[in-house]
Protein chains: 2
Amino acid sequence: MPARKAINLKMLSESLGLSQTTVSRALNGFPEVAEKTRARVVEAAARLNYRPSPSAASLATGKSRMIGHVVSLSEHIMINPHFADFIAGAGEVYGENGYDILLRLASLEEQERIYRDLVDDQRVDGVVVHGPLTGDSRIAILNALGLPFVVHGRSDEEGADYCWMDVNNRRAFHRATNFLLDLGHQRIALINGLETMNFADRRRQGYEAALKEAGIAPDTRLMHSSDMVEPYGYHAMRTLMELAEPPTAIVVASVLPAMGVTRALADLGLRAGEDVSVIAFDDCLSFLQSGCRSGFGGRVPDIPYFTAVRSSIREAGKRVAQMLLDRIDNPHGPLQSELWEADFVIGQTTAPPRRR
Amino acid sequence: MPARKAINLKMLSESLGLSQTTVSRALNGFPEVAEKTRARVVEAAARLNYRPSPSAASLATGKSRMIGHVVSLSEHIMINPHFADFIAGAGEVYGENGYDILLRLASLEEQERIYRDLVDDQRVDGVVVHGPLTGDSRIAILNALGLPFVVHGRSDEEGADYCWMDVNNRRAFHRATNFLLDLGHQRIALINGLETMNFADRRRQGYEAALKEAGIAPDTRLMHSSDMVEPYGYHAMRTLMELAEPPTAIVVASVLPAMGVTRALADLGLRAGEDVSVIAFDDCLSFLQSGCRSGFGGRVPDIPYFTAVRSSIREAGKRVAQMLLDRIDNPHGPLQSELWEADFVIGQTTAPPRRR
DNA sequence: AACGAAATTCAAAGCGCTTTGGATATGTGC
DNA sequence: GCACATATCCAAAGCGCTTTGAATTTCGTT
């Protein structure tokens with residue numbers, strides 16, 4: 001076991017017969033230190049298990065090597081599994097680069113103050129914005145504060161003055177809807193996320209556009225919008241099936257409500273993919289493993305259950321993290337943005353409409 | 001809008017005509033400062049929006065006002081929704097007490113080194129241990145390091161030398177199994193979590209004890225153990241139903257695999273609560289809202305879907321956080337521990353066995 | 001051999017807070 | 001009115017790092 005008691009710069013430099021300046025520069029890769037001495041310093045630092053104190057470094061430089069994730073914790077939306085998977089991806093990248101996550105829970109209203117405090121306190125070197133609304137006020141605030149940030153998703157239509165990474169939600173839902181139309185469905189319902197969220201808004205646009213292109217007028221009775229939890233899917237589906245003319249196909253914003261949909265159908269003695277077609281947006285949530293290898297004894301289901309538009313939120317977390325670190329390294333570079341296309345995978349929950 | 005540019009102790013004390021010492025003490029509630037001056041100081045601090053620099057304070061005191069959560073990120077177990085809900089509860093308590101969460105992802109093998117580094121770096125004032133194994137090595141390490149910590153769950157049988165908060169998993173599964181026995185079931189399967197995890201081990205003990213008390217020998221063909229994800233429940237259930245004598249009832253370690261169970265049954269044209277009884281352990285995961293009010297238009301389902309043993313993991317997060325903060329305030333006080341009993345709720349998935 | 005440039009190294013001044021050991025003002029008992 | 005205790009307040013020394021400005025070496029040139 002290496003030496004236990006913590007060692008500091010002073011001790012290390014004394015043991016080397018060098019000044020603190022030189023040792024500090026040697027470790028931080030400054031050019032003005034001879035390679036020979038640098039090697040000596042690095043070796044000694046490793047041998048003595050020297051670790052610079054983060055708070056001292058932070059005090060001296062103003063950098064904290066922390067990334068802030070402030071997630072809203074309102075009555076409805078708890079910290080949710082989508083977020084958990086996102087952070088799993090992001091955390092991986094942070095770890096590889098010596099950054100840590102500072103996690104703070106707060107209602108949306110508090111977030112403005114929190115961002116201010118985070119920069120005043122120099123607690124974080126950057127933040128990622130989760131769940132952007134259409135016209136989200138956080139973006140202007142962060143720009144005004146000059147804190148590096150990346151938005152997971154988008155807030156505005158055009159001329160964005162911020163970094164973002166998003167999935168092409170509009171096209172994904174357009175495509176899903178088209179697929180159902182091609183199968184012959186005419187009454188297609190939408191069980192969407194909360195449409196104050198920008199991503200849900202775009203999804204709806206894609207859905208409506210596809211319908212209109214097929215000459216079908218969107219019917220508000222077929223459209224629901226709420227937090228993407230399982231019981232929402234259940235109740236929305238029950239409601240839809242009570243209509244005089246129930247839908248023959250449904251597009252659902254997440255596998256979570258999609259499971260509720262399945263359960264509702266089962267309660268009615270119906271089956272997804274036989275009586276009603278279902279397409280879900282699949283974020284590749286790890287605990288559902290819908291897209292990935294199943295952990296169960298090597299038995300890999302080749303055909304996924306849900307027909308889905310799919311994009312891994314975990315991969316998105318990785319990419320957003322990388323973009324943020326890039327921006328922190330180069331805060332005045334051009335604003336990056338990235339738009340990913342979702343995959344389309346055919347599962348067991350879609351079929352032509354039942355003949356009546 | 002209050003003054004923008006950050007203000008520091010020196011400026012604040014000068015503007016008050018007091019020394020930094022006095023101002024610092026006034027703000028930190030030391031007794032040797034006159035009430036009158038304290039009031040002045042507090043007022044000025046608020047007015048000028050003074051916020052002490054965390055890194056400076058941390059450097060001076062060695063305290064960081066951060067709580068470490070290091071969660072394992074192995075191939076199998078991703079950061080999971082159980083963790084997300086736990087952290088939602090804990091984060092609430094931290095926030096109320098001016099603490100922040102430091103989140104770090106790491107494999108179990110790395111965790112020993114990480115704990116060392118965290119104390120060497122003085123990055124956190126305490127940590128919570130997630131997912132304790134039976135005989136978990138992390139506990140001895142943390143004790144040796146002298147870092148305050150609380151275990152969510154337990155690691156050992158008796159004579160624990162650490163703080164913990166756990167649910168009575170053994171009794172919960174004993175009770176669930178008994179309930180099924182009382183309904184007349186004889187072949188009862190167990191779809192358990194990973195039994196290297198201590199909680200899963202205890203659950204199995206409860207299950208087996210109940211069977212034995214009823215004079216039934218546990219049958220390993222009826223017992224599965226793996227990560228608690230949806231497809232696991234699905235495949236385990238399919239496997240069980242292929243047995244010559246399939247079970248008539250199942251106890252499942254989480255609602256996630258329980259949903260997989262339901263889906264498997266549906267595939268077989270069977271229904272939970274009619275053809276096969278299912279009891280799940282319900283952690284009150286927020287995105288399932290199985291126990292809570294449904295957010296869907298006020299339509300509150302009074303009868304939950306799954307019959308379940310239930311204990312809110314979010315509440316557990318709150319409690320563990322509070323226990324940890326208490327311990328940080330009083331590191332040498334007696335070791336606290338707490339054992340919660342799970343609720344038992346009857347839903348729609350249990351019934352007497354089908355007569356054949 | 002001497003000189004200016006380039007390459008290294010260093011002493012010391014912060015960064016913004018807490019805390020020790022005094023100093024000063026206030027109050028007490030006789 | 002004086003010695004002493006008590007209540008307030010303060011100057012200065014860290015905490016461990018980075019960074020400025022200067023000092024010292026080293027080296028190629030003429």
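Here is how names work: the chains are called A, B, and so on, in the same order as the sequence lines, proteins then strands, and each is numbered from 1.
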Give the nucleotide from the list [options] with an atom nearest to the side chain of [X].
X: A:Ser19; options: C:dC10, D:dC15, C:dG21; value: C:dC10
X: B:Ala60; options: C:dG16, C:dC10, D:dT18; value: C:dG16
X: A:Thr22; options: C:dG16, D:dC17, C:dT9; value: C:dT9
X: A:Leu59; options: D:dG16, C:dT18, D:dT20; value: D:dG16
X: A:Ser24; options: C:dT19, D:dT19, C:dC17; value: D:dT19

So does B:Arg123 pair up with A:Asp100, basic N to acidic O under 4.0 Å?
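Salt bridge between B:Arg123 and A:Asp100, a charged N being under 4.0 Å from a carboxylate O: yes.
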Contact class for [X] vs. all strands (heavy atom < 4.0 Å): base, sugar-phosphate, or nothing?
X: B:Ser55; answer: nothing
X: B:Thr37; answer: sugar-phosphate
X: B:Thr21; answer: base
X: B:Ser53; answer: sugar-phosphate

Rounding to a whole Å, what distance do you find between [X]:[atom1] and [N]:[atom2]?
X: B:Phe30; N: D:dA7; atom1: CZ; atom2: C1'; answer: 16 Å
X: A:Asp120; N: C:dG16; atom1: CG; atom2: P; answer: 12 Å
X: A:Met11; N: D:dC17; atom1: CE; atom2: P; answer: 10 Å
X: A:Glu14; N: D:dG16; atom1: CD; atom2: C1'; answer: 13 Å
X: B:Arg51; N: C:dC15; atom1: CZ; atom2: P; answer: 20 Å
X: B:Leu9; N: D:dA11; atom1: CG; atom2: P; answer: 13 Å
X: A:Leu18; N: D:dT25; atom1: CG; atom2: C1'; answer: 14 Å
X: B:Gln20; N: C:dT19; atom1: CD; atom2: C1'; answer: 12 Å

B:Lys10 vs A:Val23, nearer the 5' end of DNA chain C by closest nucleotide:
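Looking at the nearest nucleotide for each, A:Val23 comes out on the 5' side.
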Need to verify one output field. Residue with the more 5' nearest nucleotide on DNA chain C, B:Ala56 or B:Glu32?
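Comparing both residues, the 5'-ward one is B:Ala56.
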Consider only side-chain N and O atoms of B:Ser24 and B:Thr21, and report whether a donor and an acceptor are under 3.5 Å apart.
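The criterion, which ignores hydrogens and geometry beyond distance, is not satisfied for B:Thr21 and B:Ser24.
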Quick one: is D:dC15 close enough that its OP1 or OP2 comes under 4.0 Å of any side-chain N or O from A:Asn8?
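No, because none of the side-chain N or O atoms of A:Asn8 sits under 4.0 Å from OP1 or OP2 of D:dC15.
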Would you mind reporting whether B:Arg38 and B:Leu27 have side-chain heavy atoms less than 4.5 Å apart?
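No. Closest side-chain heavy atoms not under 4.5 Å.
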Donor-acceptor under 3.5 Å (A:Ser155 side chain, A:Asp136 main chain)
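Yes, A:Ser155 side chain to A:Asp136 backbone: donor-acceptor pair under 3.5 Å.
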Which residue, B:Phe86, B:Tyr162, B:Phe83, forms the ring pair (Phe, Tyr, Trp, His ring centres under 6.0 Å) with B:His152?
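Of all the options given, the one that passes is B:Phe86.
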